[in-house]
Amino acid sequence: MIDSLELDYTVRRRSMPAQHWVGLQHEIRNLELEQVESPLATLRMALTEAGHTISGPWWTTLRQTAEAEVVEVLFCWPTTQIPAEPVGISGTIVESGTLPARDELFVILETSDDDSDLGDLGAEAAQIAMIEQANDDGLELVHGSIRQVGVLADDGTPEAIELVIAIQ
């Protein structure tokens with residue numbers, strides 16, 4: 001499949017330290033993401049107003065729910081500490097936690113005018129490339145750990161997306 005799409009992905013591996021995070025939960029029904037009012041911007045503003053420090057680029061992750069047609073998206077910002085008090089945003093569910101120290105595989109999906117790397121097939125092909133690499137290297141992937149992480153330029157503007165999977 002990857003060869004037929006003629007998409008070339010370089011799968012990389014890295015070790016990452018533990019990372020605190022705060023995330024805003026949103027549900028997708030029937031696998032279609034309706035327009036969401038800037039969840040990352042809303043969360044960032046709430047964190048900043050509450051005095052929390054953002055410590056890196058945003059990420060999103062998907063979670064399966066008990067209902068087959070419903071998937072949760074968690075929009076996250078890494079923070080320097082877990083909030084002692086809950087971060088409240090009216091009408092939303094806000095969570096926090098810590099990603100453990102981990103090794104992970106990742107692929108950089110370049111953004112472009114047509115976002116060809118970011119389309120459904122591009123992201124799926126990148127995921128398949130990481131799974132194949134893990135199998136070739138005898139690595140076990142952590143189920144449910146796929147994240148899309150923003151890659152930011154020095155001025156803070158988005159320049160790419162990393163598709164990331166933790167390995168055991």
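All values reported here derive from a predicted model rather than from experimental measurement. In this chain, residues are counted from 1 in sequence order.
Atom CZ of residue Arg63 and atom CD of residue Glu72 lie 5.5 Å apart, to the nearest 0.5 angstrom. Considering CD of Gln133 and OG1 of Thr10, their distance stands at 10.0 Å, rounded to 0.5 Å. Separation of atoms CH2 (Trp21) and CZ (Arg147) is listed at 10.5 Å; rounding is to 0.5 Å. One finds the CG atom of Leu40 at 12.0 Å from the CE atom of Met45 (value rounded to the nearest 0.5 Å). The distance from the CD1 atom of Ile131 to the CD atom of Gln127 is 4.5 Å, given to the nearest 0.5 Å. Between the CD1 atom of Ile167 and the CE atom of Met130 there is a distance of 11.0 Å, given to the nearest 0.5 Å.
Residues Met16 and Leu139 fall into different hydrophobic clusters, defined by Ile, Leu, Val, Met, Phe, Trp and Tyr side chains chained together at heavy-atom separations under 4.5 Å. Each of Leu74 and Val142 belongs to its own hydrophobic cluster when Ile, Leu, Val, Met, Phe, Trp and Tyr are linked at side-chain heavy-atom distances under 4.5 angstrom. In the hydrophobic clustering of this structure, Leu152 groups with Leu43; members are Ile, Leu, Val, Met, Phe, Trp, Tyr whose side-chain heavy atoms approach within less than 4.5 Å, directly or through other members. Hydrophobic clustering keeps Trp77 apart from Val151 (ILVMFWY residues linked when any side-chain heavy atoms are closer than 4.5 Å, directly or through intermediates). Both Trp58 and Leu62 belong to a single network of hydrophobic side chains, linked directly or stepwise wherever heavy atoms of I, L, V, M, F, W or Y lie under 4.5 Å apart.
A donor-acceptor pair is defined here as one N or O able to donate and one able to accept, closer than 3.5 Å; no such pair exists between the side chain of Thr98 and the backbone of Pro100. In this structure, the side chain of Ser145 engages the main chain of Ala166 through a donor-acceptor pair within 3.5 Å.
Contact record, Ala126 with Tyr9: N-CE1, 3.7 Å, taken as the closest heavy-atom pair.
Counted within 6.0 Å of CD1 on Ile82, heavy atoms from surrounding residues, nucleotides or ligands total more than 12; the atom is thus considered enclosed. No more than 12 heavy atoms of other residues, nucleotides or ligands shown are found within 6.0 angstrom of CG on Asp154.
For the side-chain contact (heavy atoms from CB on, under 4.5 Å) criterion with Ile146, the lone passing option out of Thr61, Val164, Leu163, Leu141 is Leu163. Each of Arg12, Arg14, Arg13 was scored for a salt bridge (Lys or Arg N to Asp or Glu O under 4.0 Å) with Glu104, with one residue passing: Arg14.
In this structure, Gln19 and Pro78 have side chains that are in contact, with non-hydrogen atoms separated by less than 4.5 Å. At a threshold of 4.5 Å between non-hydrogen side-chain atoms, the residues Leu99 and Trp59 count as touching.
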